[in-house]
Amino acid sequence: MRARRVALPVFLVLAALGVGVVSGVLDLAAVVHALRGGDAAPDVADAPDEAAPPATPDPSSAGGLAARGLARRDGTGPGADAAARAPVEAAAPAPKALAGVVLGPDGQPVAGAQVRLVAADGTVLLATTDGDGRFRLEAPAGRYDLVVRAGADGTLWLRDLLVDGRPLAAPLELAAAGTMRVEATLDGQPLRGAAVRVRVGADSVPRTVAEGTTDADGRLDADGLPPGAYVVEVDVALGVVATRRVDLSTSATAAVAVPALGRWGGRVSDAATGAAVGDAAVTVTTGGRDASVVSTTTSDATGGFSLVVPRVRPSGVSVDHPAYMPWPAASDAAAAANAVAAVRATGEVVRDVPLARGAAVRGVVTHADTKAPVPGLTLRFTSPAARGVARTARTGDDGLYEVLGLAPGTWTAVAESPGWWLSGRASVGVPVPGVGGAAATLLDLVARSSGQVTGRVQRADGSPVALARVWLVGGGGVVRSVREAGRLLETVSAADGSFVLDDAPPTVPMQARASLGTAEATPSVAFRVQDGVPPLVLVLAPTGTVRGRVVDLATREPVADAVVRLAPVGEPSGRTARDTRTGADGRYEVAGLLPGGWKATPDKRRDFLPGAPVELTLAPDALELDRELSLDPGLVVAGFAVDGAGTAVAGARVTLTGVEDQGTPPPPVSRNGRTAADGSFRFAALRSGAYAVEVRRNGKVVARIERLRGGESRLVLRIEP
């Protein structure tokens, strides 16, 4: 049966400016700003930010910060004085004209292309390009999503387009449209009638760009997609969503295979009192980053929950409530996953969850210059001990905040509200809470207003580059942390190559980077905004590609699914490491690498010893390199587990322990595995050493072989009754 096709909804939102979606997070509102020309600073005063109450507009504010209820860089403005913040009624927007030109992938004007503006309330305004590719639309001033559809001539999507009467400073260049086929299966059978969403994969807040339901064969085709990175979501069952990342050029197939489903049920309670805990979020994740299944539900008023989960071992299990420590603790994560994994055999498992009261941190946030309290500031706290769970708090009018549900460990705060950065001490150690929680730990914080970074992107001949992506790196992890909180710190260059980053951290050392398509600029020198930053010049140049094959050192056979890491060596600084995986033929390829020294290292844990790095140099006259990498399988300890009658024992847990021969002290080795259906077990990637293998039952050793050196492949573990 032919796959069901889905038309793109009117709220398509991907930005694909002829070069597809670049790696990282792209600020598409800034794309629109760059298209417009005019003033260099992005307009951020279009609406009150969620993290700050509405404010009286202040035309003199830098970057529109006052309209967000945030202080200007001189420490004045609404953010520095709560009394100055007063709600205002929005005036009805006046109609404005939007005019521009649509070009095809060949650079020629496209006649008859449909241009569509979509308002937040779903209102649609339409226009069609004339013979010269020109169009004009009248719309109330405000922000819209823009969709250009031109059939075989391509497509283009822009989100958050500001219509304010200014014409577009650059043409709208269409990208050749592609088709993505989604093939969904459940327990090996086509998944019929499942809701499917295709989303923008590089967006910090993914938006749907196509949706529909699978046909009788579990298929759905999404047409008219520009090249780029996408996320496909399939609703498998109530609360169960399968996700797969897909890179699309002209066509791609997203195979979403979900194993058979079971159920995990239980009750969430207070560990100290036994009282029911309602509204706790229960989540089970299976799979990895590129393909996963996430099951979610919340506990009811009695603490009860019932969750549909795949019948495989989960990669993550969590139960979270804002007032309690995340469950399980890092030390208990494996045991929790094993408990839920029992669903593989039984189809249903019951496991209650006791939540321990978390600790609290409270304090006051003051302005670094005025010492006045900072109201309406959202803080985000993270800790390695919390395994990715964040806690948030918001300051009151007096600048006070309190964050609850913290596990013991070191917690670090970042400002989630645009326009603000924390300065000085922002971390605190949280003790183990008592039965009823612990006394709040005090952490006063100091905030500074954002700084500004300006500059120009150009080519080697000095000509300006429009629509180049510009972003910040570094900051001792601060930049990365706020990106995780939803602050992008990115923009694109305007028609004259200029750019403005108006939300930069003022006190930490950073670098600026820029790219467009396959060209990239050498990172800028390190700078701190508070020291004064002259306009930066970022010069784009071609980037290189490293490709090759990973082979088994002993057999010379290709190694599939090995990780290859390209790490920078020496200058220029500011480059980042890149990872990829080999295909079935052992081949790998990493593109978009800045010229300079690189170190390529292969790795496939459990199957091979850590690979030896290979250093190489990408030069302007040698931007294509082919390098073969090898992995050493090392020594193997393998054999069979049998019972007293000589019958193979399946599913027995076998442990290998020992030390390697070399090293001071010799490195310890510990491996765990289970016997296969035929009773076989195998431990690979070992160096010569002194090892033992054993099987335990109920804490008792029931089979053991000692004095192994590595290389023994026909062992027989006889398990005593």
Side-chain angles (χ1 to χ4, degrees), residues 188 259-260 262 286 310-315 334-335 337-347 349 550-563 582 584 586 603-611 630-662 666-721:
T286 59
R311 295 180 64 171
V312 295
R313 190 181 192 279
S315 56
N338 288 336
V340 178
V343 74
R344 290 181 297 184
T346 63
V349 63
V550 178
V551 300
D552 186 308
L553 183 64
T555 66
R556 310 304 298 174
E557 291 296 318
V559 178
D561 202 35
V563 174
T582 58
D603 183 39
K604 190 173 184 182
R605 296 180 182 178
R606 299 292 186 182
D607 295 326
F608 295 89
L609 296 172
S630 59
L631 284 171
D632 186 350
L635 301 175
V636 172
V637 171
F640 294 85
V642 299
D643 60 18
T647 303
V649 178
R653 184 174 182 181
V654 183
T655 301
L656 178 143
T657 56
V659 295
E660 295 180 356
D661 285 340
Q662 298 180 352
V669 177
S670 179
R671 302 275 188 87
N672 294 310
R674 291 190 179 274
T675 56
D678 61 354
S680 63
F681 66 89
R682 185 175 187 271
F683 298 102
L686 298 170
R687 295 184 175 92
S688 62
Y691 303 109
V693 291
E694 67 180 23
V695 176
R696 285 177 174 263
R697 283 182 178 171
N698 300 321
K700 178 183 177 182
V701 176
V702 293
R704 182 178 174 89
I705 301 178
E706 300 178 336
R707 298 180 181 178
L708 302 174
R709 298 292 300 160
E712 297 85 354
S713 60
R714 300 185 64 82
L715 300 174
V716 177
L717 276 169
R718 296 193 177 275
I719 299 177
E720 300 175 359

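The figures here come from the full heavy-atom set of this structure, side chains too, leaving out hydrogens, waters and symmetry mates.
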Atom [atom1] of residue position [X] - does it have more than 12 heavy atoms of other residues, nucleotides or ligands inside 6.0 Å?
X: R671; atom1: CZ; value: yes
X: R704; atom1: CZ; value: yes
X: R313; atom1: CZ; value: yes

Which atom pair, heavy atoms only, marks the closest approach of [X] to [Y]?
X: L609; Y: A685; value: CD2-O, 3.2 Å
X: V550; Y: A562; value: CG1-CB, 4.4 Å
X: S670; Y: T657; value: OG-CG2, 4.2 Å
X: A684; Y: R682; value: CB-NH1, 3.5 Å
X: A584; Y: A560; value: CA-CB, 3.8 Å
X: L717; Y: V695; value: CD1-CG2, 4.0 Å

Give, for atom [atom1] of [X] and atom [atom2] of [Y], the distance between the pair rounded to the nearest 0.5 Å.
X: R311; Y: T286; atom1: CZ; atom2: OG1; answer: 14.0 Å
X: E720; Y: K700; atom1: CD; atom2: NZ; answer: 6.5 Å
X: T675; Y: I719; atom1: OG1; atom2: CD1; answer: 7.0 Å
X: T655; Y: R696; atom1: OG1; atom2: CZ; answer: 8.0 Å
X: D552; Y: K604; atom1: CG; atom2: NZ; answer: 10.0 Å
X: L708; Y: L715; atom1: CG; atom2: CG; answer: 5.5 Å

Any donor-acceptor pair under 3.5 Å from R344 side chain to V312 backbone: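 Absent.
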
Taking C-beta and beyond as the side chain, do [X] and [Y] meet within less than 4.5 Å on heavy atoms?
X: R687; Y: D661; result: no
X: P558; Y: T582; result: no
X: F683; Y: V654; result: yes
X: L686; Y: E660; result: no

Review item, side-chain donor-acceptor pairs of residues 634-651, under 3.5 Å, at least two apart:
residue : atom : partner : partner atom : Å
D643    : OD1  : A645    : N            : 3.0
D643    : OD1  : G646    : N            : 3.1
D643    : OD1  : T647    : N            : 2.8

